[in-house]
There are 2 protein chains.
Amino acid sequence: MDSGYVTLEQVAEHAGVSLATASRVINGSTRQVSQRLRDKVNASAEELGYLANASAQTLARNSSSLVGLLVHDISDPYFSSIAAGVTRCAEERGLVLVLGSTNRSAQKEGRVLAALRSHRAKAVILVGSRSTDEESNARLIGEIEAFRRQGGRVACVSQPGLPADTVSPDNHSGAAALARHLVGLGHRRFAILAGPTDLRTARERLDGFHGALSAAGLELAHHNVVHGAFTRDGGYESTRRLMTLGTDATCLFAVNDVMATGAMAALRDLGMRVPDDLSVAGFDDIPTLRDLTPGLTTVRLPLEEMGERAAALALDEDHQGGHRVITVPGEVVARESTAPPTAS
Amino acid sequence: MDSGYVTLEQVAEHAGVSLATASRVINGSTRQVSQRLRDKVNASAEELGYLANASAQTLARNSSSLVGLLVHDISDPYFSSIAAGVTRCAEERGLVLVLGSTNRSAQKEGRVLAALRSHRAKAVILVGSRSTDEESNARLIGEIEAFRRQGGRVACVSQPGLPADTVSPDNHSGAAALARHLVGLGHRRFAILAGPTDLRTARERLDGFHGALSAAGLELAHHNVVHGAFTRDGGYESTRRLMTLGTDATCLFAVNDVMATGAMAALRDLGMRVPDDLSVAGFDDIPTLRDLTPGLTTVRLPLEEMGERAAALALDEDHQGGHRVITVPGEVVARESTAPPTAS
DNA sequence: CACGTCCTGGAAAACTCTTTCCCAGAGTAG
DNA sequence: CTACTCTGGGAAAGAGTTTTCCAGGACGTG
């Protein structure tokens with residue numbers, strides 16, 4: 001009790017039973033142990049303050065209680081919301097969550113995945129769209145396969161196409177619904193902050209939006225689509241660029257909320273009013289950003305729930321065969337950042 | 001390579017050396033190994049795709065590469081910003097970060113701490129003010145002592161008084177400086193959303209603010225101090241309560257930014273304009289909330305840096321003797337949510 | 001040349017569990 | 001009463017590393 005560790009052997013000795021029996025009592029194996037011995041062992045464990053050595057257990061069982069969570073940037077509220085859901089789910093099951101931040105670097109992702117493999121992690125949950133770059137995708141797939149071969153489970157949020165169970169927002173339909181809503185308000189000319197060209201999520205939202213416009217017989221001018229980083233600052237910068245070049249759009253769609261936030265800041269700095277001079281819409285409905293003024297029209301995704309469901313996919317019993325895909329719909333939330341275009 | 005694991009023994013055999021030598025090569029122990037053998041071992045490891053079994057290493061070394069991070073709620077941007085700093089620091093050192101969410105429950109905190117202990121985690125970083133409740137504090141201190149006895153390091157963010165190295169914002173001075181700034185604007189009557197009564201951070205900010213007012217010869221009416229949850233919704237609700245009872249204050253100070261956000265939302269819902277009808281100030285300068293309009297006057301804390309410094313305290317070499325305390329100053333950031341009071 | 005020292009490599013113990021295998025005793029059927 | 005099946009307990013064999021200890025060779029010194 002002083003400074004060293006209490007081992008199961010000490011507990012067994014103190015209880016006057018064998019190591020095997022003590023182990024059976026403490027972890028409740030398939031084997032029966034008489035009530036009398038069980039009480040003695042438990043009492044000894046309690047008295048000595050026994051705490052199992054997790055690495056010894058992992059080694060013996062060849063399976064640990066670790067679950068990995070890989071995100072691009074934990075300080076981004078999109079990821080931290082999902083992370084909250086995953087954490088909850090893991091903790092309910094008595095598992096320990098390992099957090100890896102990849103900063104969108106495939107290399108870091110590989111490192112973390114290897115570390116999880118080396119710890120015999122039970123499962124890993126990959127959050128956030130990867131690039132559409134073939135080569136790094138192939139490497140990622142290789143890592144995932146290796147992880148599963150060693151008995152780990154894998155689930156993804158927001159990146160269908162990987163060989164794993166997936167929870168994915170319906171980016172295409174959500175963006176299309178948003179486009180229809182905005183067209184319904186009377187907008188005809190749109191500008192889009194489309195994020196990085198090689199990011200799947202960004203691309204799907206762009207395509208969905210674009211598709212709905214086409215279906216409504218509207219064009220999307222090429223110069224009204226600007227690409228940039230998927231971040232608040234990316235949105236700010238893209239908006240400045242857009243406005244510097246000049247645009248005839250009456251409504252600006254940023255493919256995620258943090259970019260939309262940057263856009264609103266840029267417009268404010270340029271002396272433009274939202275929605276009077278330009279309507280703005282985003283995507284995700286980040287909880288922390290719900291208090292922006294004007295309130296941001298966006299597509300709501302149940303982020304925390306998505307994290308939870310992904311974790312459940314990865315942790316609940318095995319599902320044989322192909323990979324399950326859960327598609328969660330987005331819901332258009334109209335707020336004050338969009339309004340009918342003013343005649344001009 | 002197919003599905004099983006490659007063990008060090010296989011690598012050794014493949015390289016034609018002993019297990020001991022292989023181990024020495026791979027982890028670079030103090031012992032020398034000739035260049036010839038070293039090359040052979042490395043080549044074999046590479047060829048077989050060797051990946052060390054982390055739990056076996058932990059068991060043998062009795063020390064793992066895990067670092068714990070305990071926060072109340074990872075989806076709160078205050079915590080996720082700090083977490084980003086901690087993650088960075090841990091990853092730089094090749095360590096694996098374990099994230100525990102406690103939801104302000106001392107019991108959960110204990111569970112996570114025990115799990116970390118059982119994994120022989122190298123260090124743990126506790127973020128966020130604990131309650132001032134004596135009993136749960138005592139239990140926490142007990143857990144911390146146990147953790148250190150087993151060779152773990154502990155660092156805290158924002159909770160001096162625990163037996164560990166600490167990075168702590170200067171809540172008192174920051175709040176005082178803010179108060180002086182607001183008095184300088186001309187405010188004389190203040191209302192305070194003071195958060196929970198038993199939360200150390202909340203209390204220090206309240207005290208600092210109050211102290212500066214007293215020093216300026218101003219009173220703080222009792223009915224102008226309302227307590228509530230330390231969250232956005234707590235701020236909203238507290239503000240509604242305050243306004244329902246009526247207040248003569250010209251400026252509202254919420255002891256953190258998320259509460260201030262809730263306050264602004266409540267005021268908006270009540271049809272009051274900020275800062276025209278009431279000035280609002282917060283504390284923390286959460287990055288995600290910088291885009292609120294009107295911009296929130298607040299006290300800036302370098303959250304990510306605080307996380308990094310705490311991690312560094314916990315991870316860099318041992319410091320004998322007492323516990324180090326790093327106090328980081330806050331800086332008043334004046335934005336549009338505060339203005340001189342209008343004559344009324 | 002003898003002796004002590006340093007260096008490198010290997011054998012084996014240690015780390016703490018889980019689980020298999022074996023055994024003794026109790027109960028049951030023939 | 002024998003033979004057979006359960007049942008609960010213990011001994012011991014792993015699991016994959018690290019590290020200690022020992023042996024043998026090279027080298028330097030007197």
Side-chain angles (χ1 to χ4, degrees), chain A residues 3-42 44-45 48-66 114-115 117-121 150-151, chain B residues 3-42 44-45 48-66 115 117-122 150-151:
Chain A
S3 94
Y5 309 90
V6 179
T7 70
L8 190 55
E9 191 171 2
Q10 292 171 32
V11 173
E13 190 181 359
H14 186 270
V17 302
S18 78
L19 181 56
T21 303
S23 169
R24 295 198 260 253
V25 171
I26 301 278
N27 84 347
S29 83
T30 48
R31 288 279 303 265
Q32 290 271 336
V33 176
S34 70
Q35 188 63 46
R36 196 177 52 88
L37 292 193
R38 209 180 340 221
D39 290 346
K40 274 215 285 197
V41 171
N42 282 327
S44 297
L48 299 179
Y50 173 71
L51 180 66
N53 180 328
S55 30
Q57 290 185 313
T58 301
L59 182 59
R61 298 191 180 131
N62 195 30
S63 144
S64 77
S65 59
L66 262 42
R117 204 142 55 85
S118 120
H119 279 279
R120 302 289 182 268
Q150 308 202 346
Chain B
S3 94
Y5 310 91
V6 179
T7 71
L8 191 55
E9 191 169 3
Q10 293 171 32
V11 173
E13 189 180 1
H14 185 271
V17 301
S18 77
L19 181 57
T21 303
S23 170
R24 295 199 260 254
V25 171
I26 301 281
N27 85 347
S29 83
T30 48
R31 289 277 304 264
Q32 289 274 336
V33 175
S34 71
Q35 188 61 46
R36 196 176 53 87
L37 292 192
R38 206 179 342 219
D39 290 347
K40 273 213 285 198
V41 171
N42 282 326
S44 298
L48 299 179
Y50 172 71
L51 180 66
N53 180 326
S55 31
Q57 289 185 314
T58 301
L59 181 58
R61 296 191 181 129
N62 195 28
S63 143
S64 77
S65 59
L66 262 42
R117 206 141 58 84
S118 120
H119 279 280
R120 301 291 182 266
K122 229 188 202 42
Q150 307 202 345

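Not measured: the values here are computed from a predicted model. Side chains are part of it too, since the values below use all heavy atoms of this structure and drop only hydrogens, waters and symmetry mates. Per chain, numbering begins at 1; letters A, B, ... match sequence-line order.
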Can a side chain N or O of [X] be found less than 4.0 Å away from OP1 or OP2 on [N]?
| X | N | value |
| --- | --- | --- |
| B:Tyr50 | D:dT17 | yes |
| A:Ser18 | D:dA11 | no |
| A:Thr7 | C:dT16 | no |
| B:Arg61 | D:dT18 | yes |
| B:Asn27 | D:dT18 | yes |

Evaluate the side-chain proximity of [Y] to [X]: yes if any heavy-atom separation is below 4.5 Å, no if none is.
| X | Y | result |
| --- | --- | --- |
| A:Asn27 | A:Arg61 | yes |
| A:His119 | B:Ser65 | yes |
| B:Val25 | B:Leu37 | no |
| B:Thr7 | B:Asn53 | no |

Next on the checklist: When you measure from the side chain of B:Tyr50 to the backbone of B:Ser44, do you find a donor-acceptor pair of N or O atoms at a distance under 3.5 Å?
Outcome noted: no
Checklist entry - Between the main-chain N or O of B:Arg120 and the side-chain N or O of B:Ser64, is there a donor-acceptor pair closer than 3.5 Å? => result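 Yes, the answer is positive, given that a donor and an acceptor are paired below the 3.5 Å cut-off.
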Output the rounded distance in Å from [atom1] ([X]) to [atom2] ([N]).
| X | N | atom1 | atom2 | result |
| --- | --- | --- | --- | --- |
| A:Leu59 | D:dT18 | CG | C1' | 13 Å |
| A:Ile26 | C:dT19 | CD1 | P | 14 Å |
| A:Glu13 | D:dG9 | CD | P | 19 Å |
| A:Arg120 | C:dC17 | CZ | C1' | 16 Å |
| A:Arg117 | D:dG16 | CZ | C1' | 16 Å |
| B:Tyr5 | D:dG16 | OH | P | 9 Å |
| B:Asn53 | D:dG16 | CG | P | 7 Å |
| B:Gln35 | C:dC7 | CD | P | 17 Å |

Picking from [options], which would you name as closest to the side chain of [X]?
| X | options | result |
| --- | --- | --- |
| A:Ser34 | C:dT16, C:dT19, D:dG9 | D:dG9 |
| A:Ala60 | C:dC17, D:dT18, C:dG10 | C:dC17 |
| A:Arg24 | D:dG16, C:dT19, D:dT18 | C:dT19 |
| B:Gln32 | C:dG10, D:dG9, C:dT8 | C:dT8 |
| B:Gln57 | D:dG9, C:dT16, D:dT18 | D:dT18 |
| B:Ala20 | C:dC15, D:dT19, D:dG10 | D:dT19 |
| A:Leu37 | C:dT18, D:dG9, D:dG16 | D:dG9 |
| A:Ser23 | D:dT18, C:dG10, C:dT18 | C:dT18 |

Next on the checklist: If you assign each of B:Val33 and B:Ala56 to its closest nucleotide in DNA chain C, which residue comes earlier from the 5' end?
Outcome noted: B:Val33
Item to check | Residue met sooner reading DNA chain C from 5', once A:Arg31 and A:Leu19 are mapped to nucleotides | outcome: A:Leu19
